[in-house]
There are 2 protein chains.
Amino acid sequence: MRKDSIIIADDHPLLLKGLSDFLSEKNYNLIGQGNDGREAYNLIAKLSPDIAILDIQMPYLSGIEIAKKCQSNHLKTKIVLITFHKERELYHQAQELNIFGYILKDFALEEIENCIKTVSDGKRFFSPKIMELLSLKPKQNDELDHLTPSEKKILKLIANDKTNKEIASLLFISHRTVEKHRSNIINKLNLEQKTNSLLIWAKEHQNQLH
Amino acid sequence: MRKDSIIIADDHPLLLKGLSDFLSEKNYNLIGQGNDGREAYNLIAKLSPDIAILDIQMPYLSGIEIAKKCQSNHLKTKIVLITFHKERELYHQAQELNIFGYILKDFALEEIENCIKTVSDGKRFFSPKIMELLSLKPKQNDELDHLTPSEKKILKLIANDKTNKEIASLLFISHRTVEKHRSNIINKLNLEQKTNSLLIWAKEHQNQLH
DNA sequence: AAATAAATACGTAGTAACACGTAATTTTAG
DNA sequence: CTAAAATTACGTGTTACTACGTATTTATTT
């Protein structure tokens, strides 16, 4: 049984060692490892492995940026990302990029084997655990989905400390229009009528405003 | 040379494996490992190792909670925490608890050896990297120290989404007084004159308002 | 006891945000 | 092509926050 060639990269030495040792012990065909995004991409370009297991956050290049670069350069390496938080965005990006799965920090080692096996077969791997978490959260984002593109854009700018007038000149519209948008957003989000409730909401949900 | 006995615990299998393999290879006296806080504490109680290297965030018991429990039960095991973010709080807690050092996720493996060696000698280990980060930030907190107790209290309430009038009735003072305090705070913090700059500042520095 | 700092409070005035309504224009979708 | 949705814009009025000055009453400190 010929095993797929694999490279790995992570900027956390301990994690890299854990993964490296694990793959070696299990006799995977580990052909390279890197400590940051740049090294990882170079390894992929040079060795064109079947699978690259990459940390999502690395210096110079993130795992996602590497995935994008691979795609635009028509590299067929299948990307598996390691992440410490369950990020729903990944699931969506996975469809567009060559991201075939992701490994959560608290995965059992067997699950990692499952992941590699599935990806090796050319299928995408998203564990039940992740799917569960992905289907739990959308309740909050429902509200966000009701917003129109303009409203979302304005919400983002509010979260970035912009005043109405600043937003207005950034978007080349009247500041009165921005006010109207704010008003509509407040209605759609069902915010309590209180001063600055929108700013507060925007600040607290900034991370969900991708 | 007799090496100190060590136990380790982490709920991230990969990291646990990395650390475990590393210590074994380097011939440290690794006598046990656990997958969560409860297991970790039981190991400490049963084996009373010289050193326990613990993840800071684990199910059931956090690394810090374990340190506290050890202290109240007069267990002399020296605690080293593994953390993914540089947390300044740790440095202060280390003084009170039996926390002898901490390992950052992006530590090189040599630095981990340094840490264990230092702790083994009964000294506390805080790497230059950490001290640097700890000494860089207080500049911001300097400003906070200029604030009077009342001003800090009000700042906290602002960060908790309270309006002037709400703050006023909470503190049994006039809302005009609150306004004056706000004004003074803005001056002391040198905030740019922009709508809601104080609220924005309070939101962004909420964590520093202990 | 005197000086200093902090907390309290108000006057006046300007700006930003919010509420609610109306309405024209443009885009999108069926 | 037509209906619906989204974007644009304004009128009018209210409330909250901000700026700056003044001033009295409490602590705190020397």
Side-chain angles (χ1 to χ4, degrees), chain A residues 92 141-206 208-210, chain B residues 140-206 208-210:
Chain A
H92 302 301
N141 288 49
D142 262 359
E143 296 162 336
L144 261 182
D145 292 340
H146 292 157
L147 297 183
T148 66
S150 299
E151 286 164 351
K152 278 186 207 165
K153 197 180 298 172
I154 287 171
L155 199 47
K156 241 178 291 177
L157 291 169
I158 292 171
N160 279 104
D161 310 341
K162 299 286 183 286
T163 65
N164 274 351
K165 286 184 183 169
E166 287 172 332
I167 295 171
S169 58
L170 280 171
L171 302 183
F172 303 103
I173 56 179
S174 158
H175 72 98
R176 300 303 315 283
T177 305
V178 180
E179 280 185 25
K180 182 59 176 167
H181 280 304
R182 284 186 97 120
S183 177
N184 291 338
I185 295 170
I186 290 171
N187 276 328
K188 287 191 183 176
L189 295 181
N190 272 318
L191 300 185
E192 57 176 331
Q193 80 185 87
K194 187 174 174 177
T195 319
N196 290 322
S197 57
L198 182 53
L199 173 60
I200 291 168
W201 193 95
K203 279 276 164 196
E204 286 176 353
H205 295 76
Q206 196 160 17
Q208 278 146 65
L209 267 44
H210 40 272
Chain B
Q140 299 177 340
N141 287 48
D142 265 358
E143 297 161 335
L144 260 182
D145 292 341
H146 292 157
L147 299 183
T148 67
S150 300
E151 287 164 350
K152 279 186 206 162
K153 198 181 297 171
I154 286 171
L155 198 48
K156 242 177 289 176
L157 291 170
I158 291 171
N160 279 104
D161 309 341
K162 299 286 183 287
T163 65
N164 273 353
K165 286 186 182 168
E166 287 172 333
I167 295 171
S169 58
L170 280 170
L171 302 182
F172 303 104
I173 58 179
S174 159
H175 73 98
R176 300 304 315 282
T177 305
V178 180
E179 282 183 19
K180 183 59 176 164
H181 280 303
R182 284 186 96 120
S183 178
N184 292 338
I185 295 170
I186 289 171
N187 276 326
K188 288 191 183 177
L189 295 181
N190 273 315
L191 300 185
E192 57 176 331
Q193 78 183 89
K194 187 174 173 177
T195 319
N196 290 321
S197 58
L198 183 53
L199 173 59
I200 290 169
W201 193 95
K203 278 278 163 194
E204 286 176 353
H205 296 76
Q206 196 160 20
Q208 277 148 65
L209 267 43
H210 40 266

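Here is the naming used below: chain letters follow the sequence lines, and residue numbers restart at 1 for every chain.
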Item to check | Base of C:dC18 paired with side chain of A:Glu179 (donor-acceptor, under 3.5 Å) | outcome: yes
Checklist entry - Rounded to whole angstrom units, what separation is found between the CG atom of B:Leu147 and the C1' atom of C:dA7? => result 14 Å
Next on the checklist: Heavy atoms from C-beta onward define the side chain here; which of D:dA9, C:dC18, C:dA9 lies closest to that of A:Ile173?
Outcome noted: D:dA9
Checklist entry - Shortest non-hydrogen contact from A:Asp161 to B:Lys194? => result O-NZ, 2.6 Å
Item to check | Inter-residue atom distance A:Thr148.OG1 - A:Asn184.CG, 0.5 Å rounding | outcome: 8.0 Å
Checklist entry - Out of C:dT8, C:dG21, C:dA17, which nucleotide sits closest to the side chain of A:Lys180? => result C:dG21
Checklist entry - How many angstroms lie between CD1 in A:Ile185 and CD1 in A:Ile158, if you round to the nearest 0.5 Å? => result 5.0 Å
Checklist entry - To the side chain of B:Ile186, which of D:dC10, C:dC18, D:dT18 is closest? => result D:dT18
Checklist outcome for this item: With the side chain defined as heavy atoms from C-beta on, B:Asn164 is closest, among C:dA19, D:dC17, C:dA9, to D:dC17
Checklist entry - Which nucleotide sits closest to the side chain of A:Ser150: C:dA17, C:dA6, D:dT8? => result D:dT8
Checklist entry - Once you round to the nearest 0.5 Å, how far does CG of B:Asn187 lie from CG of B:Asn190? => result 8.0 Å
Checklist outcome for this item: Rounded to the nearest 0.5 Å, the NZ atom of A:Lys162 sits from the CD1 atom of A:Ile167 at a distance of 8.5 Å
Item to check | Passing candidate, side chain to side chain contact (heavy atoms under 4.5 Å, CB included) with B:Asn196, options A:Ile200, A:Thr195, A:Leu199 | outcome: A:Leu199
Item to check | From D:dC20, C:dA7, D:dA6, nucleotide with atom closest to B:Ser183 side chain | outcome: D:dC20
Checklist entry - B:Thr148 has a side chain; which of D:dT18, D:dT8, C:dA7 sits nearest to it? => result C:dA7
Next on the checklist: Whether the side chain of A:Arg176 and the base of D:dT7 hold a donor-acceptor pair under 3.5 Å is what I'd like checked.
Outcome noted: no
Item to check | Separation of D:dT7 C1' from A:Glu151 CD (nearest whole Å) | outcome: 9 Å
Checklist entry - Considering only heavy atoms, which members of residues 188-196 of chain A lie under 4.0 Å from some atom of DNA chain D? => result A:Thr195, A:Asn196
Under 3.5 Å, which donor-acceptor pairs link side chains of residues 173-181 of chain B to any protein atom two or more places apart or in another chain?
residue  : atom : partner  : partner atom : Å
B:Ser174 : OG   : B:Arg176 : N            : 2.9
B:Arg176 : NE   : B:Glu179 : OE1          : 3.3

Next on the checklist: Nearest whole Å is fine: how far is D:dA16 C1' from B:His175 NE2?
Outcome noted: 10 Å
Checklist entry - Within the structure shown, what part of the strands sits under 4.0 Å from B:Ser174 by heavy-atom distance: base, sugar-phosphate, or nothing? => result sugar-phosphate
Next on the checklist: At 4.0 Å (heavy atoms only), tell me whether B:Leu199 reaches a base, stays on the sugar-phosphate, or touches nothing.
Outcome noted: nothing
Checklist outcome for this item: Separation of D:dC20 atom C1' from B:Asn184 atom CG, nearest Å, is 11 Å
Item to check | Which atom of B:Ser197 lies closest to which atom of B:Leu191, heavy atoms considered | outcome: O-CD1, 3.9 Å
Item to check | Between the first and last five pairs of the helix from C:dA1-D:dT30 to C:dG30-D:dC1, the angle of the axes, rounded to 10 degrees | outcome: 60°
Checklist entry - Roughly how many Å is it from CH2 in A:Trp201 to C1' in C:dC18, rounded to a whole number? => result 18 Å
Item to check | Criterion salt bridge (charged side-chain N to carboxylate O under 4.0 Å, His left out) against A:Glu151, the qualifying member of A:Lys156, A:Lys188, A:Arg182 | outcome: A:Lys188
Item to check | Length of the line joining B:Leu198:CG and D:dA16:P, which is rounded to integer Å | outcome: 17 Å
Next on the checklist: Over all strands shown, is A:His181 touching base, sugar-phosphate only, or nothing at heavy-atom distances under 4.0 angstrom?
Outcome noted: base
Checklist entry - How long is the line joining CZ of A:Arg182 and P of D:dT8, in whole Å? => result 16 Å
Checklist entry - What's the shortest heavy-atom distance between A:Gln206 and A:Ala159, and which atoms? => result NE2-O, 3.0 Å
Checklist entry - Can you check the B:Ile185 CD1 to D:dC20 P distance for me, whole Å? => result 16 Å
